[in-house]
Protein chains: 2
Amino acid sequence: MSSQQVRPLRADAQQNYERLLAVAARAFTREGAGASLKTIAQEAGVGIGTLYRRFPTRETLVEAVYRNEVARLCTAAPALVAESPPVDALRTWMEQFIDFMAAKHGMADALRAVLVSEDERMHTRGLLRDALATLLDAGVADGVIRPGLDPYDLLMGLGGITLIAEGPGQRDLALRLVDLLINGVRL
Amino acid sequence: MSSQQVRPLRADAQQNYERLLAVAARAFTREGAGASLKTIAQEAGVGIGTLYRRFPTRETLVEAVYRNEVARLCTAAPALVAESPPVDALRTWMEQFIDFMAAKHGMADALRAVLVSEDERMHTRGLLRDALATLLDAGVADGVIRPGLDPYDLLMGLGGITLIAEGPGQRDLALRLVDLLINGVRL
DNA sequence: AACTTAACCGGAGTCGGCTCCGGTTGGCAA
DNA sequence: TTGCCAACCGGAGCCGACTCCGGTTAAGTT
């Protein structure tokens, strides 16, 4: 139905795209997700217009930079289920998620965009949802987690925790809130 | 201990302060909490510098504008406890909080600032915490809520829900998350 | 090789946030 | 009344976000 024209990028455009991602990754690591986009564009040797054409918002750029790392976290979910009791696996996964988000200083706004966006190009949200679905299903199968829950709700709950407790000294708070959340989904 | 010098404002400063608040209230209602501060300053007949001296960040201005309304919400907590079972009272209060936040479009950033800020001038956070403490205590007394919970945690949890689900079509999501949260604090 | 054009490029320009500091003044003391 | 100064005022100026469009070019066509 929708126009999924993916016509490969022109060679020069492809290079610019990759250079932007590489430079942005360095910049975000160095100065947090609030780094100046103009500077990133300059360092990548392109105009600011080119950056914005490729990444309409700061959040799309952040998402692109960290897409791989988030994907790795998500694909790790089945292994967790295999080696731990469901509730432990869920808690461990959520803890990793929180630590990941905290490590990328200032990433909260990007997360909000990814989670709230209607835009399905934000493929990352689907991955996260699926990871949580896996963890939930294991718990339901073991009869320790309330059935009928929408993994999307849980993802949003976790997102909320991350948004409110992303600061440096708030890891403990975040973990307490995760406990509350997990308690809420238990049977 | 701390320098609580509250020396009354000079007469002209006082007037400017009040005019800023009044104009900001109108502007926020009209265009959401993202309204141009420069415009607000102009409409209030002061320079942008004056606005910033009084309200160092956009969030402090938003907080000041809505302080009274939040306070009203908080003082309503005891009445809720008196007329409903504790868990219902808690749910009702949280629902009102969410509706209030949703009504003020774009208020989420201000909320985050109020909740996370170290700054105790953000008196509002204390009010919210106390309201939740009242609601929690009632539940603990009735033996339906887990004792030993820090109301601050619950406030942050609610704040997280508000941040992630502040959008227009997300009231249902927010309420489901509140249910999850309440479930987590139940015995 | 020459031509065509869709796709791409880049930066000038506009806008809002925020700072900084030289000029102004309310209110008190003498 | 007069003088003084702490407090206050305001906007010029800087910075970054984001838009817009005239010029450029890769890559397919003949």
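Residue numbers begin at 1 in each chain, while the letters A, B, ... track the order of the sequences. This structure is a prediction, so every number in the text was calculated from the model and none was measured.
If you measure from atom CG of B:L51 to atom C1' of C:dC20, you get 16 Å, rounded to the nearest angstrom. Rounded to whole angstrom, the span from the CD1 atom of A:I48 across to the P atom of C:dT14 amounts to 17 Å. Separating the CD1 atom of A:I40 from the P atom of C:dG10 is a distance of 16 Å, rounded to the nearest angstrom. When the P atom of D:dG10 is taken as reference, atom CD of B:E43 falls 15 Å away, rounded to whole Å. The interatomic distance linking B:Q15 (CD) with D:dC9 (P) rounds to 10 Å, in whole Å. The distance between atom CZ of B:R19 and atom C1' of D:dC8, rounded to the nearest whole Å, is 14 Å. Between the OH atom of A:Y52 and the C1' atom of C:dT14 there is a distance of 13 Å, given to the nearest Å. Rounded to whole angstrom, the span from the CG atom of A:D12 across to the C1' atom of C:dC8 amounts to 6 Å.
Remark: B:R91 engages B:D179 in a salt bridge, criterion side-chain N to carboxylate O under 4.0 Å. In this structure, B:R125 does not pair ionically with B:D130, as no charged nitrogen and carboxylate oxygen lie closer than 4.0 Å.
The residue among B:R58 and B:R10 whose nearest nucleotide of DNA chain C lies closer to the 5′ end is B:R58.
Looking at every heavy atom in both residues, A:V62 comes nearest to A:A110 through CG1-CB, 3.4 Å.
For the 3.5 Å distance criterion, the side chains of B:E18 and B:Q14 qualify, holding a donor opposite an acceptor.
An OP1 or OP2 oxygen of D:dC9 is reached within less than 4.0 angstrom by a side-chain nitrogen or oxygen of B:R53. For A:N16 and C:dC9, the shortest distance from a side-chain N or O to OP1 or OP2 is below 4.0 Å.
The hydrophobic cluster containing B:L21 also contains B:V23, counting ILVMFWY residues as joined when their side-chain heavy atoms lie under 4.5 angstrom apart, directly or transitively.
Backbone-only engagement by B:L37 is indicated by non-hydrogen atom pairs under 4.0 Å involving sugar-phosphate atoms exclusively. Note on B:S36: only backbone sugar-phosphate atoms sit closer than 4.0 angstrom, heavy atoms only; bases stay farther off.
When the nucleotides D:dA26, D:dG10, C:dG27 are ranked by their closest atom to the side chain of B:V46, D:dG10 comes out on top.
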